[in-house]
J.: 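My structure is below; once you've seen it, I'll send some questions.
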Amino acid sequence: MHLARFQAEPAIFVAPGRVNLIGEHTDYAEGFVMPVAINFATLAAISPRSDGKIVIWAENYSEERTFDAAAQPVAGNHWSDYPMGVVSILAGEGHKIPAFSLSLWGDVPLGSGLSSSAALEVVTALAVLSLVGGSYPGPVLARLCQRVENEFVGANCGIMDQFISVNGKENHALLLDCRDLSFRLAPIPANVTLVIANTMVKHSIAGGDYKTRRAESEAACAIINGHRGGVPFLRDATLDDLAKWGHEMEPKSYLRAKHVITEDLRTVAASEALLKGDMREVGRLMAEAHISYSKDFEGSCEEADLMVDLANDLPGLIGARLTGGGFGGCTVNLVEQDQAKAFAEELGRRYAARTGIVPQIHICHASDGAHRIG
Ligand code: GAF
């Protein structure tokens, strides 16, 4: 398609979406997360131009946008904010941005909490860097793409989504320490499958709820820090701190902090269990994490709670929870491989019968992070 549209042979890159097994709303608190890159991805084809323009074609929207390569891009609440945000951040890092044609295509379902925007940022960054002859270590590239969200798009997200899109590994989950960006890979056993169930309730991190939850949890952290210092982030807080000073917090702040503090503990425990191949324990921790996300963090919604409940007694289930930024989107289910097809069909049938909404249910596997494919 790129060749036909732009009459130029492109370099082609891919960056995956992600599902998070456990560790929700802990990344911006410098805590732990355990995501997996999935086999839904965004592709970018890029070739140089000689007319001083940046022309971006988005196949999914059947839309083309043109920019002046020498001008400072401005956000416009449009899909092109993501690629142009990358251009802006890379220019700020001292790269001279050339004129180019970029074609984009993706199958990460939009607004479903599977990080379609992180995949778009990461794939664009790789494509543009290939033209300017630049490269960064994975964690640095992820940080640059996070800055696209924080500084250009205006979404106050953490590092998880960009990090896993860059650094994911086939058949593995990645335990990330969001403080120093060190990580460990834990193999997902060959007889275990990821079943991702889309509630079809749209998710967005640009909206107010994500921001409010983050602010509430940070307010609790400030109270603890005011007492004993050395707690700039909830990563540094303990349940003991909550017991001592929780009564000074707004009730909602207390609950948000309780979720984040316990979620960090669960995430580290889940990664150790996964490394030992103790899937029963991983599943138990996922179930606990969902309850905490729903009840304490109030980050779920009726449909996602229902999707988790409906999965709970299905044959083959290891663990189920709402994944990603929350308030809609997808649940992630770890399921024994030989049961996965029947599990997906029955879950879809049950959910449709209860809600009247036909969900999309995907049987997925852990994939490699972003790379060049052509
Ligand atoms: C969204 C954000 F982009 C992540 O940084 C993370 O905070 C997640 O929500 C919640 O765990 O995906």
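Note that ligands are numbered from 1 as they come in the structure, with each ligand's atoms numbered from 1 the same way. Counting from 1, the numbers follow the sequence of the chain as shown. Basis for what follows: all heavy atoms, side chains included, without hydrogens, waters or symmetry-related copies.
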J.: Can you check which of Thr323, Asp27, Asn150 brings a heavy atom nearest to atom 6 (C) of ligand 1?
T.: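 Heavy atom nearest to atom 6 (C) of ligand 1 belongs to Asp27.
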J.: Run the numbers for me: atoms of ligand 1, each under 4.0 Å from some heavy atom of Cys157, listed by number.
T.: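 Every atom of ligand 1 under 4.0 Å from some heavy atom of Cys157: 2 (C), 3 (F), 5 (O).
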J.: Taking N or O atoms only and a 3.5 Å limit, does Asp161 qualify as a polar contact for ligand 1?
T.: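 Asp161 vs ligand 1: N/O contact under 3.5 Å present.
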J.: Suppose I only count heavy atoms of Met160 and a 4.0 Å limit; which atoms of ligand 1 are within that range?
T.: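 Those atoms are 6 (C), 8 (C), 11 (O).
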J.: Applying side-chain contact (heavy atoms from CB on, under 4.5 Å) between His290 and each of Asp305, Asn312, Leu285, Ile22, report the one that passes.
T.: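 Going through Asp305, Asn312, Leu285, Ile22 one by one, the side-chain contact (heavy atoms from CB on, under 4.5 Å) with His290 is satisfied by Asp305 alone.
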J.: Looking only at distances, please establish whether an N/O atom of ligand 1 is found under 3.5 Å from an N/O atom of Asn20.
T.: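 N/O-N/O distance under 3.5 Å: no.
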J.: Is it the case that ligand 1 has an N or O less than 3.5 angstrom from some N or O of Ile159?
T.: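 No: no nitrogen or oxygen of Ile159 is under 3.5 Å from one in ligand 1.
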J.: Taking only residues two or more places apart in sequence, or in another chain, which ones meet Glu345 in a salt bridge (charged side-chain N to carboxylate O under 4.0 Å, His left out)?
T.: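 Counting only residues at least two positions away or on another chain, Glu345 forms a salt bridge (charged side-chain N to carboxylate O under 4.0 Å, His left out) with Lys341.
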J.: Is it true that Arg213 and His259 share a donor-acceptor pair across their side chains at a distance under 3.5 Å?
T.: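 Not at all, the side chains of His259 and Arg213 share no donor-acceptor pair under 3.5 Å.
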J.: Short N/O distance, under 3.5 Å, between Arg18 and ligand 1?
T.: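 There is such a contact, yes.
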J.: Can you sort out which atoms of ligand 1 are near Gly158, meaning under 4.0 Å from one of its heavy atoms?
T.: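 Those of ligand 1 that fall under 4.0 Å from Gly158 are 5 (O).
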J.: Can a non-hydrogen atom of Arg213 be found less than 4.0 Å from any atom of ligand 1?
T.: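 Judged by the 4.0 Å heavy-atom criterion, Arg213 does not count as contacting ligand 1.
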J.: Counting heavy atoms not belonging to Glu170, are there more than 12 under 6.0 Å from its CD?
T.: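 Yes.
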J.: Distance alone, cut at 3.5 Å: any donor-acceptor contact between the side chains of His227 and Glu248?
T.: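 Glu248 and His227 do have a side-chain donor-acceptor pair below 3.5 Å.
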J.: Can you establish whether the number of heavy atoms outside Arg354 located under 6.0 Å from its atom CZ is more than 12?
T.: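 Not more than 12 within 6.0 Å, no.
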J.: Polar contacts were defined as any N/O atom of the residue lying under 3.5 Å from an N/O atom of the ligand; does this apply to His25 and ligand 1?
T.: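 Checking ligand 1 against His25, an N or O pair does fall under 3.5 Å apart.
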J.: Please tabulate, one pair per line, all N/O donor-acceptor pairs under 3.5 Å involving side-chain atoms of residues 318-337, not counting sequence neighbours.
T.:
{"unit_1": "Arg321", "atom_1": "NH1", "unit_2": "Asn20", "atom_2": "O", "d": "2.9"}
{"unit_1": "Arg321", "atom_1": "NH1", "unit_2": "Leu21", "atom_2": "O", "d": "3.1"}
{"unit_1": "Arg321", "atom_1": "NH1", "unit_2": "Glu24", "atom_2": "OE1", "d": "3.2"}
{"unit_1": "Arg321", "atom_1": "NH2", "unit_2": "Glu24", "atom_2": "OE1", "d": "2.6"}
{"unit_1": "Thr323", "atom_1": "OG1", "unit_2": "Asn20", "atom_2": "N", "d": "2.8"}
{"unit_1": "Thr323", "atom_1": "OG1", "unit_2": "Asn20", "atom_2": "O", "d": "2.8"}
{"unit_1": "Thr331", "atom_1": "OG1", "unit_2": "Asn333", "atom_2": "ND2", "d": "3.3"}
{"unit_1": "Asn333", "atom_1": "ND2", "unit_2": "Val195", "atom_2": "O", "d": "3.0"}

